[in-house]
Amino acid sequence: MKITQREIGNAVILDLNGKLTGGPDADTFREVFKSLIDQGKKNVVVNLEKVSWINSTGLGILISGYTSVRRAGGDLVVMHASDRIESILYVTKLNLLFKSFESEEEAVKSFTLAS
Amino acid sequence: MKITQREIGNAVILDLNGKLTGGPDADTFREVFKSLIDQGKKNVVVNLEKVSWINSTGLGILISGYTSVRRAGGDLVVMHASDRIESILYVTKLNLLFKSFESEEEAVKSFTLAS
Amino acid sequence: MGKTDSVEQMILNIPSDLKYLGAVDAAIQDLAREFSFSSDAINDVSTALIEACSNAIEHGNRFDPAKRVVVTLRFNGQSFTACVKDEGPGFNFQAALDEKSPPDPMSERGRGLMIMKAFTDRLSFRYADGGLCVELAKHRGDDGPEE
Amino acid sequence: MGKTDSVEQMILNIPSDLKYLGAVDAAIQDLAREFSFSSDAINDVSTALIEACSNAIEHGNRFDPAKRVVVTLRFNGQSFTACVKDEGPGFNFQAALDEKSPPDPMSERGRGLMIMKAFTDRLSFRYADGGLCVELAKHRGDDGPEE
Ligand SMILES: Nc1ncnc2c1ncn2[C@@H]1O[C@H](COP(=O)(O)OP(=O)(O)O)[C@@H](O)[C@H]1O
Ligand SMILES: Nc1ncnc2c1ncn2[C@@H]1O[C@H](COP(=O)(O)OP(=O)(O)O)[C@@H](O)[C@H]1O
């Protein structure tokens, strides 16, 4: 899995590319979040547009990111999840944990409204 | 493989969807061409946009279509072939037999220029 | 052409390495499409199968490069069944299947079986050939509402 | 984690039915991407492999539903090799490999071996376990010009 990082306003957008399955991905993800929080960046949008699929270990990776930004007083939301990923979030009730947006604009705006 | 048929000017466009591999596809294809020629329609554009791949038996199917329209005084061209399919046409030199176009407009125009 | 159940099956044999999950996913998706599964049903079987394979690699074979995961996919007119076999010691699957309460929302693990249950019509476990075999079944989903 | 050649392999076992070719194609494409093959090399190995499988189903097993095609895919750092095994009687492959003249342009058949040769770096045949095995090899293609 590849992760590229960009910023819009007070939000950091992580564009993921590949499959989210645990293993080495988990470490990469944890490091990215650690470094973001060290820099005081705590509002994160995870862009799942180019994520073809995810397994339950991949969900765990998202939850670990969520936990670390929440602890720092921020939030994590996802955007552009495929139908397949949406249905996994729904079944595991993780849609109650992190909000899922269809547009980047809405996703970024969600932080302003919350704070 | 699914085939849908439409017409633009004096050209018939066959939109293929699936994989072109011989077997039952060969019969379907032959019937479509027979019925086209019976109706005097002999300028055919085969749209490969939704064809994910093709094997050598699939090439044979295209050649059989080509042979029947040529015999009737028409022509067969292809359009929207993927890089993968283009390279197969190139390696087998079938690019010398049927012209390959990137746009529908050019493909349709090719018949007017030839006649 | 007489076709028996054993004829209409594809077997995928992979190392205990997550790198191979994508190939399994790609194969099941193409096959389910070929057998006219609805797109919801295609997503569901792929998700459940990948989850079973992930567990076989991680918990069953513990990423041991010498151990294999064998996935048998069977399609018939209306439904799909799969068996995912590892070379591990197994676990108390009955307790896990009976478990009704979802994991703590903040827990990073423990959602695999829940996902497999949700995305299949039937889920069972048995021991076979020195390993655990997870069996999944799913209807093709064109003549009933999807969950 | 010591890895030997036999470890890094995936085996696909399919019936003698063209319906299963798409699943093989999807699997090899995903795996080649996973092993960082260039997109040209991915297309090339997929095309060559599908051609070998088509021949195994059609000429080797003559669509006999009781016969299987076994595809073994092996990746190492730089290259990919595959073996496609059928249960048929084989053919005079040496004559076919030596054949230099392309088929008549209007012929509907006879381009399979030509395609396999063009899209691989190495192509060979041998008899094994009561069937013919076609072996293909291809470099990963990032540090050299594509053909
Ligand atoms: N194939 C298997 N072999 C051995 N144990 C397994 C297997 N599949 C699941 N388990 C056990 O069941 C537990 C729950 O699995 P699961 O719901 O998928 O969550 P997770 O994989 O996140 O732990 C695992 O932690 C493991 O102990
Ligand atoms: N696996 C195989 N088993 C038996 N014969 C084969 C096999 N593969 C190829 N052949 C023989 O070689 C010939 C040429 O094959 P090919 O170049 O792929 O063209 P085509 O499949 O269109 O005939 C086939 O017609 C067949 O006689």
Side-chain angles (χ1 to χ4, degrees), chain B residues 1-2 16-31 33-34 46 48 50-72 74-78 81-100, chain D residues 14-30 32 37-59 62-63 84 96 101-120 123 138 141 146-147:
Chain B
M1 197 193 54
K2 268 181 244 131
L16 310 193
N17 193 322
K19 304 134 192 168
L20 197 52
T21 62
D25 293 345
D27 301 328
T28 318
F29 217 76
R30 244 176 270 270
E31 277 157 34
F33 273 84
K34 193 178 171 312
V46 177
L48 298 173
K50 299 255 170 70
V51 175
S52 39
W53 51 266
I54 186 171
N55 65 2
S56 66
T57 326
L59 291 177
I61 296 179
L62 289 180
I63 295 170
S64 92
Y66 176 82
T67 309
S68 42
V69 292
R70 292 292 282 195
R71 238 187 245 132
D75 202 4
L76 178 149
V77 301
V78 300
S82 65
D83 287 352
R84 176 165 170 185
I85 294 179
E86 280 292 354
S87 72
I88 299 176
L89 295 176
Y90 178 81
V91 152
T92 54
K93 298 199 170 55
L94 290 177
N95 60 342
L96 307 176
L97 209 60
F98 22 82
K99 296 187 207 77
S100 175
Chain D
I14 59 168
S16 303
D17 187 330
L18 300 172
K19 272 206 300 288
Y20 290 81
L21 287 180
V24 174
D25 189 80
I28 176 77
Q29 291 213 41
D30 193 277
F37 271 48
S38 72
S39 59
D40 280 347
I42 294 174
N43 283 341
D44 292 357
V45 294
S46 311
T47 298
L49 187 70
I50 284 307
E51 207 54 50
C53 292
S54 304
N55 277 351
I57 292 172
E58 183 183 350
H59 302 301
R62 296 175 183 272
F63 300 107
V84 177
S101 54
D104 181 280
M106 303 300 281
S107 159
E108 291 176 24
R109 303 302 309 255
R111 291 184 184 79
L113 289 168
M114 179 180 177
I115 287 174
M116 284 187 257
K117 272 192 261 185
F119 289 111
T120 54
L123 176 70
K138 178 82 186 173
E146 286 295 302
E147 85 279 49

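Residue numbers begin at 1 in each chain, while the letters A, B, ... track the order of the sequences. Below, each value reflects all heavy atoms present in this structure, side chains not excepted, and no hydrogens, waters or symmetry copies. All of these numbers come straight from a predicted model, not from anything done at the bench.
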Colleague: Under the side-chain contact (heavy atoms from CB on, under 4.5 Å) rule, what do B/F98 and B/V46 come out as? Steps first, then yes or no, please.
Modeller: CA-CA 10 Å; B/F98 22 82; B/V46 177; over 6 Å; no
Colleague: Let me know if D/R111 has heavy atoms under 4.5 Å from chain B in its side chain, its backbone, both or neither.
Modeller: both
Colleague: With a 4.5 angstrom heavy-atom cut-off, which part of D/S46 approaches chain B: side chain, backbone, both or neither?
Modeller: both
Colleague: I'd like to know if the side chain of D/N55 pairs up with that of D/E51 as donor and acceptor (distance under 3.5 Å, no hydrogens or angles considered).
Modeller: no
Colleague: Select one option (side chain, backbone, both, neither) describing which atoms of D/L21 are under 4.5 Å from chain B's heavy atoms.
Modeller: both
Colleague: Going by the rule side chain to side chain contact (heavy atoms under 4.5 Å, CB included), which residues pair with B/N17 if we only count those two or more places apart in sequence or in a different chain?
Modeller: B/K2, B/K50
Colleague: Does any backbone or side-chain atom of B/L94 lie under 4.5 Å from a heavy atom of chain D? Answer side chain, backbone, both or neither.
Modeller: side chain
Colleague: Nearest 0.5 Å please: distance from the CD1 atom of D/I50 over to the CG atom of B/N55.
Modeller: 8.0 Å
Colleague: Counting heavy-atom pairs closer than 4.5 Å to chain D, which one of B/S82, B/G23, B/S52, B/S64 comes out on top?
Modeller: B/S64
Colleague: Which one, D/I42, D/L18, D/T47, leads in non-hydrogen pairs under 4.5 Å with chain B?
Modeller: D/T47
Colleague: So what's closer than 4.5 Å to chain D heavy atoms on B/L97: side chain, backbone, both or neither?
Modeller: side chain
Colleague: Do NZ/NE/NH1/NH2 and the carboxylate oxygens of B/D75 and B/K99 come within less than 4.0 Å?
Modeller: yes
Colleague: Please check if the number of heavy atoms outside B/D83 that lie under 6.0 Å from its CG is greater than 12.
Modeller: no
